[in-house]
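As structure tokens, the structure follows; a few thoughts come after it.
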Amino acid sequence: MPPVRKRFAQHFLIDKAVVEQIIRAINPRENERIVEIGPGKGALTLPLLAGVGRLDVVEIDRDLSAHLIEKCKNAGQLNLLQQDALQLDFAKFASPRIKVIGNLPYNISTPLIFHLLQFNHINQMIFMLQKEVADRICAKADTSDYGRLSIMVQAQCITEKLFEIKPAAFYPPPKVDSALLRLTATSKSTDRIKNYRQFSELVRIAFCSRRKQVSNGLKTLTDANQLEELNIPPSARPAELSVTDYINLANALKPRPP
Ligand code: SAM
């Protein structure tokens with residue numbers, strides 16, 4: 001059996017009831033294009049293969065990859081990419097719509113979600129994450145969890161925290177609670193963002209100074225008059241602006257050179 005590698009944040013699902021709950025949430029349908037990130041020893045991979053017949057998986061650990069190919073050889077058509085999911089061009093999964101799922105390595109879950117948000121053909125993501133990260137992604141405006149991550153994800157997806165999972169469901173158990181999160185892409189909101197780079201930069205700058213009034217924190221980009229025209233109180237703090245406020249403001253800014 002391959003060794004457990006801490007640097008790849010390996011916590012393998014061992015609770016069969018939790019695996020079933022996750023598979024029900026993923027709801028695999030025959031011939032659906034599903035990509036699994038971090039299949040590990042195949043806790044989710046085998047039941048998924050049984051549901052869809054063909055599966056693409058991305059695993060960074062060479063020993064686990066070899067083990068998984070052997071384990072799945074009679075279970076269906078497994079296409080294993082042995083590489084870092086953060087570096088992977090998901091456009092290579094040439095299908096009009098794909099679902100990306102996984103019990104994610106918690107150390108890279110946030111950069112991975114930012115990476116995946118760039119690909120328009122990903123219509124759903126179902127991820128096991130650290131509970132706190134799931135809470136931040138789903139947070140409503142004017143709460144302490146609400147920030148850059150909530151806005152960037154909610155600008156493109158409907159976010160749903162489906163259920164929480166205790167450390168005992170994994171081996172070795174993580175030090176944190178986990179949650180299953182469903183992100184469903186809403187093409188409407190991406191259409192509303194005229195310049196994604198500018199939107200992303202605006203949100204980043206706003207949350208560099210979370211306590212400042214927006215007219216001050218964003219003074220290099222906008223002014224009180226423009227904020228008022230958009231019905232955004234200049235004295236508001238960054239966490240008091242809704243996702244729509246950020247989209248409207250980004251769309252109203254003068255285009256800046258790249
Ligand atoms: N899916 C398995 C399960 O639920 O039992 C394993 C989940 S474990 C939390 C995370 C998995 O992601 C491990 O198999 C690990 O080797 C893999 N992994 C870690 N970093 C990765 C990366 N950058 N790209 C792809 N896979 C990665």
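Both counts, for ligands and for their atoms, begin at 1 and track the order of listing.
Under 3.5 Å, the side chains of S235 and Q213 contain no donor-acceptor pair of N or O atoms. Between R148 and S200, the side chains place no donor N or O within less than 3.5 Å of an acceptor N or O (distance only, hydrogens not considered). With 3.5 Å as the limit, one finds a donor-acceptor pair spanning the side chains of T45 and E36.
Here the shortest heavy-atom distance to atom 4 (O) of ligand 1, taken over I108, L64, N103, belongs to N103.
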Show the numbers, then the answer: is there a side-chain hydrogen bond (donor to acceptor under 3.5 Å, both in side chains) between E132 and Y106?
CA-CA 11 Å; E132 282 72 19; Y106 292 176; over 6 Å; no
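Here the side chain of H67 pairs no donor or acceptor atom with the backbone of R62 at under 3.5 angstrom. The closest donor-acceptor contact from the side chain of Y246 to the backbone of A155 lies at 3.5 Å or more, if one exists at all.
Of the residues listed (N103, L116, L112, I137), the one engaging F127 in a side chain to side chain contact (heavy atoms under 4.5 Å, CB included) is L116, and it is the only one.
Residue contact annotation: E36 has a non-hydrogen atom under 4.0 Å from ligand 1. The closest approach between M128 and ligand 1 stays at or above 4.0 Å for every heavy atom of the residue.
Shortest non-hydrogen contact noted between I122 and A185 is O-CB, 3.6 Å.
Of the protein's heavy atoms, H11 O, 3.3 Å lies nearest to atom 9 (C) of ligand 1. The protein heavy-atom contact nearest to atom 20 (N) of ligand 1 is P105 CG, 3.5 Å. Summary of contacts: the protein heavy atom closest to atom 16 (O) of ligand 1 is E59 OE2, 2.6 Å. The protein heavy-atom contact nearest to atom 26 (N) of ligand 1 is I60 N, 3.4 Å. Of the protein's heavy atoms, F8 O, 3.2 Å lies nearest to atom 19 (C) of ligand 1. The nearest protein atom to atom 23 (N) of ligand 1, hydrogens excluded, is given as D84 OD1, 2.8 Å; this is a heavy-atom distance. In terms of protein heavy atoms, atom 12 (O) of ligand 1 is closest to G38 CA, 3.2 Å.
For ligand 1, the atoms sitting less than 4.0 Å from at least one non-hydrogen atom of V58 are 25 (C), 26 (N), numbered in the order shown with element in parentheses. Taking every non-hydrogen atom of G40 and a distance limit under 4.0 Å, the qualifying atoms of ligand 1 come out as 6 (C), 14 (O). Remark: ligand 1 atoms within the under-4.0 Å shell around heavy atoms of Q10 are 13 (C), 15 (C), 16 (O). Close contacts of ligand 1 with Q83, meaning ligand atoms under 4.0 Å from a residue heavy atom, involve 24 (N), 25 (C). Per-residue contacts place A43 under 4.0 angstrom from the following atoms of ligand 1 (heavy atoms of the residue considered): 5 (O). Counting the atoms of ligand 1 from 1 in the order shown, those under 4.0 Å from a heavy atom of F12 are 5 (O), 6 (C). The ligand atoms of ligand 1 that sit less than 4.0 angstrom from a heavy atom of P39 are 1 (N), 2 (C).
A heavy-atom distance below 4.5 Å is not found between the side chains of V100 and F119.
On a distance-only criterion, A85 and ligand 1 share at least one N/O pair closer than 3.5 Å. Residue contacts with ligand 1: D61 is placed with no nitrogen or oxygen under 3.5 Å of a nitrogen or oxygen of the ligand (distance criterion only). In terms of polar-atom proximity, L13 is counted as a contact of ligand 1, with an N or O under 3.5 Å from an N or O of the ligand.
The aromatic rings of F207 and Y146 lie perpendicular to each other, with more than 60° between the two planes, well past the 30° mark.
Counting non-hydrogen atoms of other residues, nucleotides and ligands closer than 6.0 Å to OH of Y171 gives a total of 12 or fewer. Dense packing is recorded around CZ of R210, with more than 12 heavy atoms of other residues, nucleotides or ligands lying under 6.0 Å away.
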